[in-house]
Amino acid sequence: MSAEKLSFEDFQPGRRFTLGPKLVTTEEIIEFASEFDPQPMHLDEAAGRASILGGLAASGWHTSSMFMRMMAESYVLHSLCEGAPGVDLMEWRKPVLAGDTLSGRSTVLEARPMRSRPGMGIVKFRHEVENQRGELVCVSENSVMFGMRVRPADIGISPETSA
């Protein structure tokens, strides 16, 4: 990737960004669960097998965190990202088990300039994360704010005069 960061203009509807791969280890599942979600199925293999999850499983919040890291490595850290106003949809469809390898994609659904913040745009994404068997484990939709390549102030337009 070039030294120039991705800007709002680079996020056109239909564009896809590859996520992963990310190997999920037993150690990280237990470490995350110990800190943030200490339920038995996230801490102990036998308890995980005895649960409806079928094995030592990552917490849904851990899955979301790994997904966020994959997004960061794919495009967020290489962009003029200014954060997100929230998450519209987060579904954990299948358990993420120790030994799974996650990968997926972020697809731009829509993009529009922000009237309230000249020089920025908001991009809506749909994210899909799968395991190594191609099973969908996580689906999410959210909007992200990105700086524009050319901001109104750079071309002599003040926020007060722009529409």
Side-chain angles (χ1 to χ4, degrees), residues 1-29 31-33 36-37 42 53-155 162-163:
M1 182 171 290
S2 71
E4 186 171 321
K5 294 198 173 231
L6 296 168
S7 65
F8 168 75
E9 294 86 348
D10 296 310
F11 293 91
Q12 297 300 314
R15 183 167 184 184
R16 284 188 170 184
F17 295 88
T18 301
L19 306 176
K22 163 70 176 104
L23 175 64
V24 183
T25 68
T26 297
E27 296 76 22
E28 72 182 300
I29 290 174
E31 182 178 345
F32 185 96
F36 300 108
D37 192 354
H42 306 316
L53 302 177
L56 182 68
S59 160
W61 299 113
H62 185 191
T63 299
S64 296
S65 296
M66 290 184 285
F67 150 63
M68 180 66 221
R69 180 60 184 244
M70 291 190 293
M71 279 192 326
E73 291 174 353
S74 177
Y75 57 92
V76 171
L77 295 176
H78 312 288
S79 72
L80 300 177
C81 180
E82 293 285 342
V87 176
D88 301 315
L89 171 73
M90 177 63 71
E91 295 179 352
W92 303 313
R93 300 264 181 103
K94 289 214 177 260
V96 172
L97 303 175
D100 279 354
T101 299
L102 304 179
S103 60
R105 67 206 135 290
S106 292
T107 305
V108 175
L109 298 178
E110 57 188 63
R112 64 175 174 76
M114 294 179 70
R115 293 178 61 99
S116 62
R117 294 192 181 269
M120 290 183 58
I122 192 154
V123 178
K124 184 170 185 177
F125 289 92
R126 178 173 176 87
H127 316 281
E128 298 174 317
V129 178
E130 300 171 340
N131 61 24
Q132 69 278 5
R133 291 177 298 282
E135 298 169 330
L136 202 55
V137 298
C138 179
V139 175
S140 181
E141 289 186 7
N142 75 304
S143 296
V144 179
M145 298 173 289
F146 292 96
M148 292 181 174
R149 189 171 292 116
V150 178
R151 298 176 184 249
D154 297 339
I155 56 173
S162 63

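Just the heavy atoms: all of them, side chains too, but no hydrogens, waters or symmetry mates, feed the values below. Heads up: numbering here begins at 1 and tracks the sequence.
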Pair Y75 and F146, ring centroids less than 6.0 Å apart: no
Pair L80-F8, side chain to side chain contact (heavy atoms under 4.5 Å, CB included): steps then yes or no: CA-CA 8 Å; L80 300 177; F8 168 75; over 6 Å; no
S65 OG to F32 CZ distance, which is reported to the nearest 0.5 Å: 4.0 Å
Heavy atoms of other groups near W61 CH2, more than 12 under 6.0 Å: no
For E9, all residues meeting side chain to side chain contact (heavy atoms under 4.5 Å, CB included), sequence neighbours excluded: S7, M148, R149
Nearest non-hydrogen partners of A58 and M66, listed with the distance: CB-CE, 4.1 Å
Donor-acceptor contact below 3.5 Å, side chain S74 vs main chain T18: yes
Test ring-ring contact (aromatic ring centres under 6.0 Å, His included) applied to F67 - qualifying residues, sequence neighbours left out: H127
CG on D100 to CD1 on I29, rounded to 0.5 Å: 8.0 Å
Audit row: H62, V96, side chain to side chain contact (heavy atoms under 4.5 Å, CB included) steps and yes/no: CA-CA 9 Å; H62 185 191; V96 172; over 6 Å; no
Between OG1 on residue T63 and CG on residue L102, distance to nearest 0.5 Å: 7.0 Å
Sequence neighbours excluded, every pair satisfying salt bridge (Lys or Arg N to Asp or Glu O under 4.0 Å) that has a member inside residues 12-23: K22-E28
Nearest heavy atoms of A111 and P13, plus distance in Å: N-CG, 4.3 Å
Which atom of V87 lies closest to which atom of N142, heavy atoms considered: CA-CB, 3.8 Å
Closest non-hydrogen atom pair between G60 and W92, with its separation: O-NE1, 3.1 Å
Q132 side chain to T101 backbone, donor-acceptor under 3.5 Å: yes
From CA spacing to verdict: side chain to side chain contact (heavy atoms under 4.5 Å, CB included), V139, R93: CA-CA 7 Å; V139 175; R93 300 264 181 103; 3.8 Å; yes
Other residues, nucleotides, ligands: >12 heavy atoms within 6.0 Å of E73 CD: yes
Nearest-0.5 Å distance that lies between atom CD in E82 and atom CE in M120: 4.5 Å
Beyond-backbone contact of F11 with S79, side-chain heavy atoms, under 4.5 angstrom: yes
Side-chain ion pair, E130 and R105, N-O less than 4.0 Å: yes
Between NZ on residue K94 and CG on residue L136, distance to nearest 0.5 Å: 9.5 Å
N/O donor-acceptor pair under 3.5 Å between H42 side chain and A57 backbone: yes
Inter- and intrachain pairs under ring pair (Phe, Tyr, Trp, His ring centres under 6.0 Å), touching residues 99-123, at least two apart: none
Qualifying residues under salt bridge (Lys or Arg N to Asp or Glu O under 4.0 Å), relative to E110, sequence neighbours excluded: none
Contact list for residues 102-121, test ring pair (Phe, Tyr, Trp, His ring centres under 6.0 Å), sequence neighbours left out: none
From OG (S106) to CZ (R126), nearest 0.5 Å: 11.0 Å
Taking every non-hydrogen atom, the tightest pair across V144 and C81: CG1-SG, 3.6 Å
Smallest separation among heavy atoms of M70 and V129, with atom names: CE-CG1, 3.9 Å
Check against side chain to side chain contact (heavy atoms under 4.5 Å, CB included), F125 and T107: CA-CA 5 Å; F125 289 92; T107 305; over 6 Å; no
